[in-house]
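Note sheet for the following structure.
Below, read A as the first sequence line, B as the second, and so on, with proteins coming before strands; counting in each chain starts at 1. Atom set for the values below is all heavy atoms of this structure, side chains included, hydrogens, waters and symmetry mates excluded. Treat the numbers as computed from the prediction; the structure is a model and nothing was measured.
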Protein chains: 2
Amino acid sequence: MPPDVALMWRLREAPRRGPKPSLSLDDIVRAAIEVADADNDLGAVSMARVAERLGNSTMALYRHVKSKDDLLVLMSDAAIERPDPMPEGVDWRTGLTFWADNVLAAIRKHRWYAKIPISGPPAGPNNLAWFDAALGLLNDTGLPEEAKVGVVMGLITYVQGEVRMAFDLAAGYDQNPAAFQQFGATLRQVADPRQYPAVARLVDAGIFDEVGNFEDESEQDFDFGLQLYLDGVAAFIDRVCQGK
Amino acid sequence: MPPDVALMWRLREAPRRGPKPSLSLDDIVRAAIEVADADNDLGAVSMARVAERLGNSTMALYRHVKSKDDLLVLMSDAAIERPDPMPEGVDWRTGLTFWADNVLAAIRKHRWYAKIPISGPPAGPNNLAWFDAALGLLNDTGLPEEAKVGVVMGLITYVQGEVRMAFDLAAGYDQNPAAFQQFGATLRQVADPRQYPAVARLVDAGIFDEVGNFEDESEQDFDFGLQLYLDGVAAFIDRVCQGK
DNA sequence: CTATTTAGCGTATCTGATACGCAGTAAGGA
DNA sequence: TCCTTACTGCGTATCAGATACGCTAAATAG
C-alpha cells in the first residue's frame, strides 16, 4: 500500500512508547487547511505557518508527516468534504448534473485545492466518496461497470478542467478585472486578422465586448459544456442499453 | 493593455540609450523552457538556473522580466508551439478530434506546461492560434459565433482537465507504478463496501485489476470522453442549424 | 530499574526570489 | 566634442521556506 494512502486512511498504528503526542495528524491537516483558506492561496501554506497556527515549532510537524508533499496529499482529501447523499428518484442525468455542480461547489470553498498536484488515482476517503457517488448515479442505466467508469472519468476530466481554468481565471479577474473587460480591445491591437481570422470574426462581432457578470458567465459556460457532454452520454446509453 | 500581454507580443520598444543588451527576452524564455525540459519539471526553473544556462548572473534577468511570474506567463505561450494547419476537406468532428489530439501532443512535449497558472484569457500569439484553429473548424457548421465559442470553450475545458489529470497521473505512475497496479488491492483494504458500494462493485468486477499499458489506456479514456462530448456537439449543431 | 523508543524543538544548512546600488556602456542634446 | 541621462550587468545582501541533525525529556517494555 502506498504510504500516502495509508496516511489518508489513518492506518498507522499509534506508537506505544515515548511521550504522549501533543499534536495529531488531524490537527496538522486542519491547521494547514485553515492557513490556505485564510489567504485563499496554497502558497501560503508553509510548515512554519502551519506550526505557528498550532503553537508548535516547525520541526515538530515532521514527526507526523514525512514532508510537505505528504501534507499536501492529506489536504487534497481532507479539504473536499464528503458529499451529501445524492438526490433520489431522479434520472441519471439530473443526478450527474447535481453531482457536477456540487463537487464544484465543494471545491469552490477551497479554491487552492485546484493547485494540489494529483498524486494518484482517487484513494482518500472523501475523494473516493465522490467517485462512488457519481458511479452510483449510473446504476439504473444498465451500463456495464467498465462503461460507467468511462463515463464518470470523462465527467471528472471535464470538472477538473473547469477547476483548472475557472479558478485560475477567477483569481486573475480578481486581480485585474480590466484585462478581461478589455480583452476584445486587446485582441484588436495585437491579433492580425490575417493570422487569426476566426478570432477576428469574434472580435468584429463584439463577442468579447459584452461584459456580464464574470461568475454567472463562468457557470453558464460550464453548464453549457456539461450538457453537451451529457447529451453524448445519453446517446451512448441509448446505443448500449436500448439497442439490446 | 495588460503588461504581460504586451510582453508576450513583444510590444516593448527597444531602448535607445545605454549598452547593447547581451540578453534578450527570447533568450531568457528559451533558456527557461530548456531548464524545465531538462528536468521535465517546472519547479526546476529558478532564476539562478536560467541565468546559469545563459552564462549570465541571476540578477541580469530582472532587467528584462519584472518577476519570475512574468517569465512563467511568457513560457506559457512560448512552450506551446503554434499549430500546424488544420486538415482540410474534413468535417468539423474529425477536425476537432485532430485539434484535441494535437494540442495534447503539443502540451505533452512540455509536461510542465500544465503547472503554469492560467493568468487570463488566451492572449499570447501561440495560445491564440490554437483558439483560432478550433474556432475555424466550426466555420462550416453554420453555428453563430457565440455558440462556436461555447463549444470550443467546453472542448478546451475538457482538454485542460486531461492536462491536469493525465500528466499528474503519468508523473505519479513514473514514480510509483505499483500504486496504480495495486489500486484494486488497496481499495479492497481500505474501502468499506457499505460506505462505497459502487466502488466495491468495480473492485469485485476486477476493473482495477486489469493492468494494461498506462499511456494507451489514458489515451483511450481521453478519446472516449471526447467522443461523448462531440456526440453532444453534433446533436447541438443539428438542433441549431438543421432545425431551421 | 534500565534500556529503548518517541515527541518536541533549537540550530544549522541550503535553495530561491528579489531589492539595492555600483560601475561601465551608449546615445541624446547642447 | 563633452556632459548628462538612460540603461545593462552584476555583486552583495536580505528574507523566506524546506528539512537534516542531534539534544533533552517523557513514556513504556521487559
ask   = Between the base of dT4(C) and the side chain of Arg17(A), is there a donor-acceptor distance below 3.5 Å?
value = yes

ask   = Which whole-number value in Å describes the distance from Glu13(B) CD to dG28(C) P?
value = 12 Å

inquiry  = Does either side chain, that of Asp27(A) or that of Ser24(A), offer a donor lying less than 3.5 Å from an acceptor on the other one?
reply    = yes

task = Identify, residue by residue, the members of residues 57-68 of chain B with a heavy atom below 4.0 Å from DNA chain D, and return them in order of residue number, or none.
result = Ser57(B), Met59(B), Ala60(B), Arg63(B), His64(B)

key: Test item: Asn126(A) side-chain N/O and Ile80(A) main-chain N/O as donor-acceptor pair under 3.5 Å   = yes

task = Side-chain contact test, heavy atoms from C-beta onward, threshold under 4.5 Å: evaluate it for Ser218(A) versus Glu162(A) and give yes or no.
result = yes

message = If you compare every side-chain N and O of Arg16(B) against the phosphate oxygens of dC7(D) (OP1, OP2), does one of them come in below 4.0 Å?
response = no

Nearest-Å distance for atom pair CG/P, residues Asp27(B) and dT8(D) = 14 Å

query = For Met47(A) and dA18(D), what is the distance between atoms CE and P respectively, to the nearest whole Å?
reply = 7 Å

key: Nearest atoms (heavy-atom pairs only) where Arg53(B) meets Val35(B)   = CD-CG2, 3.7 Å

query = Does Tyr229(B) reach the main-chain N or O of Gly225(A) with its side chain, forming a donor-acceptor pair under 3.5 Å?
reply = no

ask   = Separation of Asp39(B) atom CG from dT15(C) atom P, in whole Å?
value = 14 Å

key: Short side-chain N/O contact to dG8(C) OP1/OP2 from Ser22(A), under 4.0 Å   = yes

inquiry  = Need one value for Val45(B): base, sugar-phosphate or nothing, where a base atom within 4.0 Å counts as base even if backbone is also close, heavy atoms only.
reply    = sugar-phosphate

task = State whether the side chain of Trp99(A) and the backbone N or O of Trp130(A) hold a donor-acceptor pair below 3.5 Å, judged by distance alone.
result = yes

query = Whole-Å distance between dG16(C) P and Arg49(B) CZ?
reply = 8 Å

query = Given that Asn56(A) and Gly18(B) both sit by DNA chain C, which one's nearest nucleotide is further toward the 5' end?
reply = Asn56(A)

request  = Could you state the atom-to-atom distance from CG of Asp69(A) to C1' of dT19(D) in whole Å?
outcome  = 12 Å

remark   = Between Pro19(A) and Ser46(B), the residue closer to the 5' end of DNA chain C by nearest nucleotide is Pro19(A)

ask   = Does a side-chain N-to-carboxylate-O contact under 4.0 Å join Asp41(A) and Lys115(A)?
value = no

ask   = Does Lys20(B) make a side-chain N or O approach to OP1 or OP2 of dA27(C) shorter than 4.0 Å?
value = yes

